[in-house]
There are 2 protein chains.
Amino acid sequence: MDISALRTANPDHWSKAAAIRALTLDAIHAANSGHSGMPMGMADVATVLFEKHLKFDAAAPKWPDRDRFILSAGHGSMLLYSLLYLTGYKDITLEEIRNFRQWGAKTAGHPEYGHADGIETTTGPLGQGIANAVGFAMAEEIQRAQYGKKIVDHYTYVIAGDGCLMEGISQEAIGLAGRHQLSKLVVFWDNNNITIDGTVDLADRTDQVMRFKASGWHVQEIDGHDAAAIDAAITAAKKAGKPSMIACKTHIALGSSAQDTSKGHGALTDEKLIADAKAAYGWTTGPFEVPAEIKTAWEAIGSRGATDRAAWDTRLATISERKQAEFARAYALDAPKRLAPTIRALKKQITDEGPKVATRKSSEMVLEVINPVMTETVGGSADLTGSNNTKTGDLGVFDIDNRGGRYIHWGIREHGMAAAMNGMVLHGGIRPYSGTFMCFTDYARPAMRLSALMRVPTVYVMTHDSIGLGEDGPTHQPVEHLAISRATPNTYVFRPCDTIETAEAWEIALTSKETPSVLSLTRQNLPTVRTTHTAKNLVSQGAYVLADSEGKRQAILIATGSEVEIALAARDLLQADGIGTRVVSMPCMELFEAQEEAYRKRVLPAGPVRVGIEASVRQGWDKWLLGERGREAKAAFVGMNSFGASAPAEVLYEKFGITAEAVVAQVKALL
Amino acid sequence: MDISALRTANPDHWSKAAAIRALTLDAIHAANSGHSGMPMGMADVATVLFEKHLKFDAAAPKWPDRDRFILSAGHGSMLLYSLLYLTGYKDITLEEIRNFRQWGAKTAGHPEYGHADGIETTTGPLGQGIANAVGFAMAEEIQRAQYGKKIVDHYTYVIAGDGCLMEGISQEAIGLAGRHQLSKLVVFWDNNNITIDGTVDLADRTDQVMRFKASGWHVQEIDGHDAAAIDAAITAAKKAGKPSMIACKTHIALGSSAQDTSKGHGALTDEKLIADAKAAYGWTTGPFEVPAEIKTAWEAIGSRGATDRAAWDTRLATISERKQAEFARAYALDAPKRLAPTIRALKKQITDEGPKVATRKSSEMVLEVINPVMTETVGGSADLTGSNNTKTGDLGVFDIDNRGGRYIHWGIREHGMAAAMNGMVLHGGIRPYSGTFMCFTDYARPAMRLSALMRVPTVYVMTHDSIGLGEDGPTHQPVEHLAISRATPNTYVFRPCDTIETAEAWEIALTSKETPSVLSLTRQNLPTVRTTHTAKNLVSQGAYVLADSEGKRQAILIATGSEVEIALAARDLLQADGIGTRVVSMPCMELFEAQEEAYRKRVLPAGPVRVGIEASVRQGWDKWLLGERGREAKAAFVGMNSFGASAPAEVLYEKFGITAEAVVAQVKALL
């Protein structure tokens, strides 16, 4: 690569891009770890994007109508941190760059959402960013339909690497974007032909241009170091009328002795290599020193959007006050005032009617009253709409000619769905929820973890949540999936036992600002067991006494979801035998844990024997059965300790021994 | 669709295909659940494949050189069961067909590997079958290189639906097959344009032909009801010299009133619909009755391969006895006799040398001695070869011009890698192991669950198994992943503390016949703590006393992997304070649970306080800390209760409080 030709061809551009490269080398040298090659390779693309196209104002990083920039190849985090520092984002100071990858720094190894403004999403797990971006672009379309082009009109730009494109999730994202002709989505593919193990063709020889075209994308191929070509390609992409992929032929670790090699992917910390690369760049200042004129030029880019932003503020003031308030409320993730009374009214009605329905159906009943009062909800399903019961009458279907549609047919793409939902929340103004079978939590898992890590309140509607699914068999019957979600920090796992608890769970999920929710819902019908109306949301306490013992309390049965019915039946049998038995419904372990100890002790006093009942593995239950330090109670568990089987649901409950009789036997054995 | 034209055009073919359709309708009617449309749509393709091409002998279903038939669209299980019954596989009787989806039947809702011969893999979770098939085809290539074409020379055929092709994993499979030009892989795409939510274009408009071509596949498009076209396409596919996709335009639920509709995807149980469809087929016999001449014709197909198979037996007898024995041994998943002494010798050497290395490096040291004596191992990594330490000197790299290579560069495709490994085991003759970072267990999770459900001993080498990973930060630091794998039935989770335990774990993983293994290995260096050589494999007991208390035993510290070192340091501090402390290393909870109670009580006697130490969430630990029924001990846990952070490893251990001092404090608080 003839660096000197690049330098002389366009020195203004070069020096700005060189600042990214130099900061990358310095930060990684200081940290003694990181990924140098990608920022060095993609600095030209990023510089042109930020200088000529990206609509942003570093002084107003939360401006809702900014363009979004997503670094799907998150290991190249120094590209993003350099850009944020250079353009003048307050959060990323030179001190933060110096502390790259150190405890407490905002400049983590991979970009972490919430650490600093300008980091639009957490990336690093490959393929997530490009799938997030589909959600960003969908959210933009939906919001534009709701608020008009003068309020919502921006692009989503993504840098994706070969790793992102090899991960299966990228195909789900590409297919979705193509299907919906998301014309404001532009993906730069960092086509450097290098992965950790060697050249890309060691593992893949896919013609990416043909692959994107096959899903209906506009595609261009350019030299990723040619500023004019980059500029022209972005201009064309913005006008393409469909999602656009720009294949940028680049040199990883450009200008260093590790250029075009796998070594260049990782941390370049050799001092001679760094000195030689800087010399090739014509970079003469010391470590972390950006010449003032270059910094000034970058800061001008950072403030380039201020006028646009001010004009936008003015336009926003022209729409109705009601619309302005709604826009602000949705961005703040504040629930509408009508939500609470709407839920209360539904609870009252359900208490009166006492329906016997599956909780997936309960969920639909709740959504039917929520969606009309909460216009920021967007629902969907991974091709199980009729099974997940996620579509309500008023939503409309999101499509090319119906951008205001609030229901997404995601196709058989659980992973892409979950990642795109994260993107919708991150974009702002949208509260997404979508469903699949609980067992296919597995497919969505990497994105579900990121909901929790990023602290975004994505809602997962997971139906058919046990062997109660029946004949489809063990491939479709979750047994470990409640434990999996509960093992994940910052995740609410709701397993409601009837329509009332389902309504309460939805209320919490849709008012949560920092915690994603998994709603674990049944296929099979369940009776309404909450027969006395309470205005208070009892699920918010995590667990509560559903039926207390008569006479001396000898046993406490703790159950969730479909097994609460079994616990109540067991209580009847035990009370008939003179054994005082309390039933505790525990729809959300995480919320119960968050209660004051005094409340927890009132619900679960030490002494009586305890039996946990859940058609799932025991893992995660012992805290409530035995107590954190043990010794609280003698206890047993009635649930699953193997995979399920294919047979009608009632046969499976019998064969796997999850019955009232089994519970009674356990209690008696413990007493 | 003009059924009568099809009937008259080729009545012999038609009647055989109609038998599949009729049995499907009858079984689903009896079960009152299932998926009718796919078998009705793909019956013609399957009939031609079985009649004219598939190399098999129903009387010898385990014949190693048979062609493999994989129903990736597993919901269409009645297609497979019908074929197995009709061609005379002993396992699938008419009684089994009648008991479709009932308790104890071999005919589960989705095909379950192990239930019956002829079911080559478990499918249902979409996209798994096509990715398994890549492993089948790779295994065939590797085995052919090892044993020659006269012993190993067969095809892998797959039926995949729109759901399989929308799942991201399919792209990983397509990319791999294209990259390696797996010319003996033929995929039929059931192009019926219907999914559960509606027509395919509701969610996807990808040009699948172009997409497969982009990854280097041979592609044909045919009418999936034209027997001659199907035959010609298969013939062409077999000669293509590359993986071949045949796009079969079909009508879901052919010939019924639900044809070409979403309703046709599911269970067609309406009696009039069934009667009308059978009338259209010209099918006049009663439920479950196949006219004798049709059954006979099918049975002739089932025995068509007997001659081929006998000839193969003869050819097998011509290779060396050593080779014959090796072939049989590998298929039986028997370890070579040299494995045990090889491991023992390594353990002895390591005990003498006492290296301080990361367990991922320990793993490489073990593989260096195992791979030469175990020629059935095939290793790999999802583009982290140098980090996972999975490549040893003698393996060679699997490639188009090196089919005997035993190392696979999977690319950044954890999910496809895991599913293909399952396919390799299922094919037979191969023991695959491959690696990624432990945190990306998430990406591989659906296939890892299927390893456990199918009872196949796939080995997952998961390195960088805690916050000990350091600066890459929380996106790359597992905290819940040990709990996730432990929550999964039939899975060994090994977390060895040094090179000795790593060797013992590998020995168990590579001799396991029915249980997959997850090896959880560190990035950071660990001392050798097993300083006395034992011939016995202590990891096989799951947990054991590593260092006993001196004086009165007041505390038991239980630790795994990198935290065993911390437990030993804590014990030193406690003993110095006169607190008798035992350290138990617990490299495999599942194996400890499988020990006799007397052994478990010897290792963990009731009485002393217990502290568990693992840089992971507590979930799954209470059984060992508190006992199944509680009351065994007062206990505490030192580990993680949040996501990690980006910083050097030693800083993270300090900041998250996983230190010897923290352990000492917990013990003192409990005493």
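Residue numbers begin at 1 in each chain, while the letters A, B, ... track the order of the sequences.
- Residue A/His415 touches chain B through its side chain alone, counting heavy-atom pairs closer than 4.5 Å.
- Proximity to chain B (any heavy atom under 4.5 Å) is restricted, for A/Pro478, to the backbone atoms N, CA, C and O.
- In this structure, CD in A/Glu167 is found 4.0 Å from CD in B/Glu414, a value given to the nearest 0.5 Å.
- Note that CD of A/Glu654 and CH2 of B/Trp103 are 10.5 Å apart. Values are rounded to the nearest 0.5 Å.
- Proximity to chain A is absent for every atom of B/His75, based on heavy atoms less than 4.5 angstrom apart.
- Classification of B/Arg413 and A/Asp204 as a salt-bridged pair holds, one side-chain N sitting under 4.0 Å from a carboxylate O.
- Heavy atoms closer than 4.5 Å to chain B are found in the backbone of A/Gln477, but not in its side chain.
- No part of B/Ile174 comes within reach of chain A, as not one of its non-hydrogen atoms sits under 4.5 angstrom from that chain.
- Neither the backbone nor the side chain of B/Asn99 comes within less than 4.5 Å of any heavy atom of chain A.
- Heavy-atom distances place both the backbone and the side chain of B/Ala483 under 4.5 Å from chain A.
- A salt bridge does not link B/Asp207 with A/Lys213: every distance from a Lys NZ or Arg NE/NH1/NH2 to an Asp or Glu carboxylate oxygen is 4.0 Å or more.
- Residue B/Tyr443 touches chain A through both its backbone and its side chain, counting heavy-atom pairs closer than 4.5 Å.
- Between B/Arg449 and A/Glu480, at least one side-chain nitrogen of the basic residue sits less than 4.0 Å from a carboxylate oxygen of the acidic one, meeting the salt-bridge criterion.
- Neither the backbone nor the side chain of B/Ser616 comes within contact range of chain A, judged by heavy atoms closer than 4.5 Å.
- Contact annotation for B/Thr385: both backbone and side-chain heavy atoms come within less than 4.5 Å of a heavy atom of chain A.
- For B/Leu469, no part lies under 4.5 angstrom from a heavy atom of chain A.
- Contacts of A/Val209 with chain B are absent, with no heavy-atom separation under 4.5 Å from either backbone or side chain.
- Contacts of B/Val609 with chain A are absent, with no heavy-atom separation under 4.5 Å from either backbone or side chain.
- Looking at B/Thr195, the atoms closer than 4.5 Å to chain A (heavy atoms on both sides) sit in the backbone and in the side chain alike.
- Contacts between B/Glu112 and chain A at a heavy-atom distance below 4.5 Å involve the side chain alone, from C-beta outward.
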